[in-house]
There are 4 protein chains.
Amino acid sequence: MGKREDNAIATRKKLISTANQLIVQHGYENISVDAIVKASGIAKGTFYNYFDRKEDLIFELSKQRFAPITARTTELTNDDPLSNIQRYLVDFMTVIADSKIGLARQWVRYISASSANNAKWQFDVQSFERLLMKLIDLNQLKIATPVHQLAQLLLTQLYGVILTWCITSETLDPVATVKRFCALQLPSLLGPYLVKE
Amino acid sequence: MGKREDNAIATRKKLISTANQLIVQHGYENISVDAIVKASGIAKGTFYNYFDRKEDLIFELSKQRFAPITARTTELTNDDPLSNIQRYLVDFMTVIADSKIGLARQWVRYISASSANNAKWQFDVQSFERLLMKLIDLNQLKIATPVHQLAQLLLTQLYGVILTWCITSETLDPVATVKRFCALQLPSLLGPYLVKE
Amino acid sequence: MGKREDNAIATRKKLISTANQLIVQHGYENISVDAIVKASGIAKGTFYNYFDRKEDLIFELSKQRFAPITARTTELTNDDPLSNIQRYLVDFMTVIADSKIGLARQWVRYISASSANNAKWQFDVQSFERLLMKLIDLNQLKIATPVHQLAQLLLTQLYGVILTWCITSETLDPVATVKRFCALQLPSLLGPYLVKE
Amino acid sequence: MGKREDNAIATRKKLISTANQLIVQHGYENISVDAIVKASGIAKGTFYNYFDRKEDLIFELSKQRFAPITARTTELTNDDPLSNIQRYLVDFMTVIADSKIGLARQWVRYISASSANNAKWQFDVQSFERLLMKLIDLNQLKIATPVHQLAQLLLTQLYGVILTWCITSETLDPVATVKRFCALQLPSLLGPYLVKE
DNA sequence: GATGAATGAGGATTCATTCAT
DNA sequence: CATGAATGAATCCTCATTCAT
């Protein structure tokens, strides 16, 4: 209860989602506050009731965008470590590939803009590390596995695929590329650390 | 003789180099023609004697930036294919790492902006392919080596390092990262295709 | 109540009237948006809240200028057809002559610029035709009167006087010229079509 | 002798004729000195060797344009004063109608711009007056003919046709309009002043 | 909380004109 | 005489932001 609050939240959401759409389509720099409020059917002044400056919007957007990418915490259902890791990598890329290429471009543009976005990378690395550590716990990987190094290497490859996708777009299927990488590389990469029975 | 032409060329160069500096520091969208001409000590009108529009400048810049990255055609001096490939990868990254982080960011921003920059990727892939094919010619790699796949995989990794560097900057040393990748991955990646004596 | 709307309307009017003054004095091409807003004491951005482009202003102005010229629908009070027609012609020219010569020049400049302004001519011709037809109705002119031809001929003369006035300005009194034309020409021009008692 | 002078004259002519073409097509304000020199294949500096300012060009153009309009001094070959006058009027309009409508528009625009162009009108009036006086000399018109008044009235009509043509363009045939005027008006207009045999 | 009119610094671009070569 | 690089004021227009209602 609090109809006013509800309305306020709705207005805020409307603003964000409209901005998201427009920015994905045309890029951040090409979207004016004017365009956002007109497309939302909301007054310009109202925009500034919710955001102190235009920049605050993109911060809000980035939070929303980054979230789902690592939201899917892969369930470790079977006993093959390679499959588990592959599933994680493929899931990761699938989330990104499901969005429009414009979104990915925006993401790259934004994340590469400054080292202030460091956190995202750290977070992703840690996610990977957690995965690998779980596999160690499950006795699928050796205790001596260089967790941090592997996580960075894998993530770098993923980021590389994203960037490449932005550049080549139509030509390249990012998920297929990840799968090929897994087939070609994962066995030899993880081979030394697998616990054999 | 030719004093006027020389001056003209100098003016053009001045404009380009100043723009390059400013854009590297602040990003393309944040640099106005005004800022460029003021920093150059050149009149605004003169700018438009050389470039029909601001956009033409970045085209000019990108040409200059992209050129050196693959200009260094690695010499294949010794008989170890792994070293040859590693040297190529390291050289590639060194050229990029030698520039400021701002330049790399600008490069990522620019190259990921549209699939029109596809050509750069294609070109890099082909460079890699040529390297691998030379190694086949030299009987260091097997004829059956999947040249295209390997080239793409290696380049994706390089691009991934670049993007990661843009994100983490101070934290990460891109050249070291490439070296680590080579040490960790190249042997197993190329192992199946090495011609053993 | 409605204070903001009132202000907005006032601002718009202020902009239009200022622009009108300046343009009459100096001509459209010689007046910058800057000059208009400075003279209005209104911010430049505000100008663009009301008009998408400078051109829209002149469209607005032309509408206002054209309107009054034919607004005065001459009352047909007496029984002499020649007087009625003369009064109409003189009224027409008086409206124009009452404005400054600069306005007339602007009008000529604008109306002669393209055949898109055709409508104004058509409208004026029709006004004349209506007048003549009324006189036929009143049995002052014969039914056989070549209404369209006469209307065109008379209007051409009026337009000629306007253009001549623009050229000679101080030397020529447009209203007097029209009167002279009426005295000299109307009798013989209309003679054949007068209904005599 | 004077090859250099010849070249100079040629350059000047080239500049003027190119400017004329461009201005007829696009209107004075839309043609830059740059456009003129580029279209002429002549250097910008050279332009300023011949004309101190851009305005001087249009002055030059106007002289050339105005000239032919009254160059055709009508020969008075037969003994019918009405035919003589009609021929003069029709010739006058034919010269104008032979040019493109754009030229006429430019002419109107230019001549109506300021009373500095008064001279053109005076000159045309005098031409008419001379014609009428010749007819008086030839004993075709009475000595009491109000030469000045008639000349002004006829010329006003001509100018009116020109202006109307600019407004209506496709719809109206200026020469035909003049002929109609002659048929409809000349007899009664000149009737009182004809010398009857 | 919502509105939208007002703001004005800043953006890209044009162009007549000058002057050293 | 011819050249064309250099100039910079002026032009139209954009846009994030403020504030009275």
Side-chain angles (χ1 to χ4, degrees), chain A residues 4-5 7-8 11-12 29-38 42-57, chain B residues 1-12 29-38 41-55 57, chain C residues 1-12 29-38 41-55 57, chain D residues 4-5 7-8 11-12 29-38 42-57:
Chain A
R4 210 141 125 188
E5 280 85 353
N7 274 344
T11 303
R12 189 185 163 85
E29 335 265 349
N30 302 316
I31 292 305
S32 60
V33 173
D34 234 275
I36 295 170
V37 297
K38 258 174 203 153
I42 287 173
K44 207 155 162 187
T46 308
F47 180 96
Y48 286 91
N49 286 342
Y50 290 100
F51 305 98
D52 280 346
R53 43 198 63 259
K54 191 190 168 194
E55 262 191 336
D56 294 354
L57 222 208
Chain B
M1 69 292 261
K3 195 170 175 186
R4 259 168 71 225
E5 282 82 356
D6 288 358
N7 275 343
I9 291 172
T11 303
R12 188 186 162 87
E29 333 265 350
N30 302 314
I31 291 305
S32 62
V33 174
D34 238 89
I36 294 170
V37 296
K38 260 173 202 153
I42 286 174
K44 184 125 79 155
T46 307
F47 180 96
Y48 287 93
N49 285 342
Y50 292 98
F51 306 99
D52 280 345
R53 41 201 64 259
K54 192 187 166 195
E55 263 189 337
L57 224 206
Chain C
M1 66 297 260
K3 194 169 176 187
R4 256 164 76 223
E5 282 83 355
D6 287 356
N7 275 343
I9 291 172
T11 302
R12 188 185 162 87
E29 332 263 350
N30 303 314
I31 292 306
S32 62
V33 173
D34 238 89
I36 295 170
V37 297
K38 259 173 202 154
I42 285 174
K44 182 125 76 156
T46 307
F47 179 96
Y48 286 94
N49 285 344
Y50 291 98
F51 305 99
D52 279 345
R53 41 199 64 259
K54 193 189 166 195
E55 263 188 338
L57 223 206
Chain D
R4 211 143 122 186
E5 280 84 353
N7 274 344
T11 303
R12 190 185 161 85
E29 334 265 348
N30 302 315
I31 292 305
S32 60
V33 173
D34 233 275
I36 294 170
V37 297
K38 258 174 202 152
I42 287 173
K44 206 155 164 188
T46 308
F47 180 96
Y48 285 91
N49 287 340
Y50 291 99
F51 305 98
D52 279 346
R53 44 197 64 259
K54 192 189 168 195
E55 261 190 337
D56 294 353
L57 223 207

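Residue numbers begin at 1 in each chain, while the letters A, B, ... track the order of the sequences. The figures here come from the full heavy-atom set of this structure, side chains too, leaving out hydrogens, waters and symmetry mates.
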Whole angstroms only, please: what is the [atom1]-[atom2] distance between [X] and [N]?
| X | N | atom1 | atom2 | value |
| --- | --- | --- | --- | --- |
| Lys38(D) | dA16(E) | NZ | P | 12 Å |
| Phe51(A) | dC15(F) | CZ | P | 19 Å |
| Leu57(D) | dA16(E) | CG | P | 11 Å |
| Glu55(C) | dC12(F) | CD | P | 11 Å |
| Ile36(A) | dT17(F) | CD1 | P | 11 Å |
| Lys54(C) | dT14(F) | NZ | P | 15 Å |

Legend entry - Listed nucleotide nearest any side-chain atom of Ser32(A), set dA12(E), dA16(F), dC12(F):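 That would be dA16(F).
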Legend entry - Base-contact (B) and sugar-phosphate-only (S) positions in nucleotides 3-8 of chain E, heavy-atom cut-off under 4.0 Å, - elsewhere: BBSBBB
Legend entry - Short side-chain N/O contact to dT13(E) OP1/OP2 from Arg53(B), under 4.0 Å: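 Arg53(B) to dT13(E) OP1/OP2: side-chain N or O found under 4.0 Å.
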Inset, instruction - Considering just the side-chain nitrogens and oxygens of Tyr48(C), establish if one lies under 4.0 Å of OP1 or OP2 belonging to dT14(F). - result: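 Answer is no, no contact under 4.0 Å.
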Acceptor/donor pairs from residues 42-54 of chain C side chains to any protein atom, 3.5 angstrom cut, sequence neighbours excluded:
from, atom 1, to, atom 2, distance (Å)
Lys44(C), NZ, Asp34(C), OD1, 2.4
Tyr50(C), OH, Ala8(C), O, 3.3
Lys54(C), NZ, Ile31(C), O, 2.9

Inset, instruction - Specify the residue among Asn30(D) and Asp34(B) whose closest nucleotide of DNA chain E lies further upstream toward the 5′ end. - result: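 Nearer the 5' end of the strand: Asp34(B).
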Legend entry - With sequence neighbours excluded, residues passing salt bridge (Lys or Arg N to Asp or Glu O under 4.0 Å) with Asp56(D):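 Partners of Asp56(D) under the salt bridge (Lys or Arg N to Asp or Glu O under 4.0 Å) test: none.
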Legend entry - Side chains of Leu57(B) and Val33(B) in contact at under 4.5 Å (non-hydrogen atoms):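 Leu57(B) does not reach Val33(B) side chain to side chain.
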Inset, instruction - For Ile31(C), report the nucleic acid contact type (base, sugar-phosphate, nothing); a contact means any heavy atom under 4.0 Å. - result: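 Here Ile31(C) touches the backbone only, sparing every base.
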Legend entry - Where DNA chain E forms stems, i.e. three or more consecutive Watson-Crick or G-U pairs with both distances under 3.5 Å: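 DNA chain E stems, ordered by first number: E:2-21 with F:2-21.
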